[in-house]
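Data block below; observations after.
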Amino acid sequence: MELLDKLTILADAAKYDAACTSSGVRRGSRPGMIGNTSSSLAGCCHSFSADGRCITLLKVLMTNYCVYDCKYCVNRCTNDVPRAAFTPRELAELTIGFYRRNYIEGLFLSSGVVGSPDNTMELMIRALRILRQEYRFNGYIHAKAIPGASPELVTQLGLLADRLSVNIEMPSEASLQTLCPNKTKSAILRPMGQIRQECMENKEALAKYRHAPTFAPAGQSTQMIVGASGESDRHILRLSQSLYDRYRLKRVFFSAYVPVVEHALLPSRDTKPPLLREHRLYQADWLLRFYGFRAEELLDEDEPNFNPLLDPKCCWALNHLEQFPVEVNTADYEMLLRVPGIGVVSAKRILVNRRVASLGFDELKRLGVVLKRARYFITCRGKRDTRLPLVPEKLLPSLTAADRNPLQQSGYEQTSLFAV
Ligand code: SF4
């Protein structure tokens, strides 16, 4: 099979993998090495740096042959699809060729399980070794560790990649058993624990020895499929929180289930991917990571799912009106962060600017506060916008109108990293 045909198959087979980001790592240029990464390149697979550049990773599978039978996956062994596999050298040459031609700035590598997890990881490691050691490639690499692979191979992969991830796949052990019969919770969590431990030890080693080899300097992430099984948003968010707490993950990626196969255990193929739900989970995830919220504050047993019409922070504010209005000239940073329309950057700007002069609505607008949301929940110099009383029934329509996001306006449409 021609290399281009393999690329077409293996890039297409990788498109359901959401866990890629080049953020959080700085790999400066080194003598004799090609490429570098920058920690300013925040975002995901296609993201924009501060100077407007689009950051692109080559996202492929080593192979889409797979001995496992995950019910939702196009690559499962029982599905009749065209199959292909790169040799390690083919993949390394393809990556460095694309890099030299400026098509990509890094590699995102995953794989179906060919033979066994160890065999698959060995192929991936061989490809990355050729890339790093023979072609002196110093750009960003995100590699997926295969659940069930030996710890020594996870270590070797971490020494070659910037970021590792192990997909948790399903939000509960019961769903995992039903939909991924070849995977177990312990086979997924064990490498996560190992990566966490090795990242910590590597940090200590680097503090002592500047030239110590780095182990996954951009940390680890995971991916969870949303909508293929029946778990609530509350369940998913609590699980994400415990993964952040226990394994120090950089990101939990949510992937709205795209029905590509007909199966009695799965939503029918006519079901639209729950993209709005995925969007709300990402918003809530942001609140956990940067705004000091805990999962149990955002959802409870009586209301276990997010309101599709309103972002999670506005929902929380509406349910806690006794904590508002907040005086922006005196409130502490933590409380400012809880005001809808005030983000991390604008909260910090408020703290700096109010030292010089007390702030009014005009100043807040200049500082980047989204007043169409914030104005209902704040006072400036003791005054509140009195057009709307602080009662949920009055606030809800205004907040809902302010929250109209592109997903709601244009219907569902999944972006493809491979669409031109
Ligand atoms: S292990 Fe499961 S999810 Fe991964 S490629 Fe194989 S069938 Fe698909």
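What you see is a predicted model, and the numbers here were worked out from it, not measured in a lab. In each ligand, atom 1 is the first atom listed, and ligand 1 is the first ligand listed.
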NZ (Lys185) with more than 12 external heavy atoms under 6.0 Å
no
Listed partners of Lys313 passing side-chain hydrogen bond (donor to acceptor under 3.5 Å, both in side chains), at least two apart
none
Solution key, residues 199-206 side-chain donor-acceptor pairs under 3.5 Å, sequence neighbours excluded:
from   : atom 1 : to     : atom 2 : distance (Å)
Glu201 : OE2    : Gln197 : NE2    : 2.9
Asn202 : OD1    : Phe215 : N      : 2.8
Asn202 : ND2    : Pro213 : O      : 2.7

Using 2.8 Å as the cut-off, note every protein N, O or S atom close to atom 2 (Fe) of ligand 1.
Cys70 SG
Exceeds 12 heavy-atom contacts within 6.0 angstrom, atom CD of Gln323
yes
Taking the six-membered ring of Phe253 as reference, does the cationic atom of Arg251 (NZ for Lys, CZ for Arg) lie under 6.0 Å from its centre and within 45° of its axis?
yes
Which pairs, with at least one residue in residues 332-349 and sequence neighbours excluded, count as a salt bridge (Lys or Arg N to Asp or Glu O under 4.0 Å)?
Glu297-Arg338
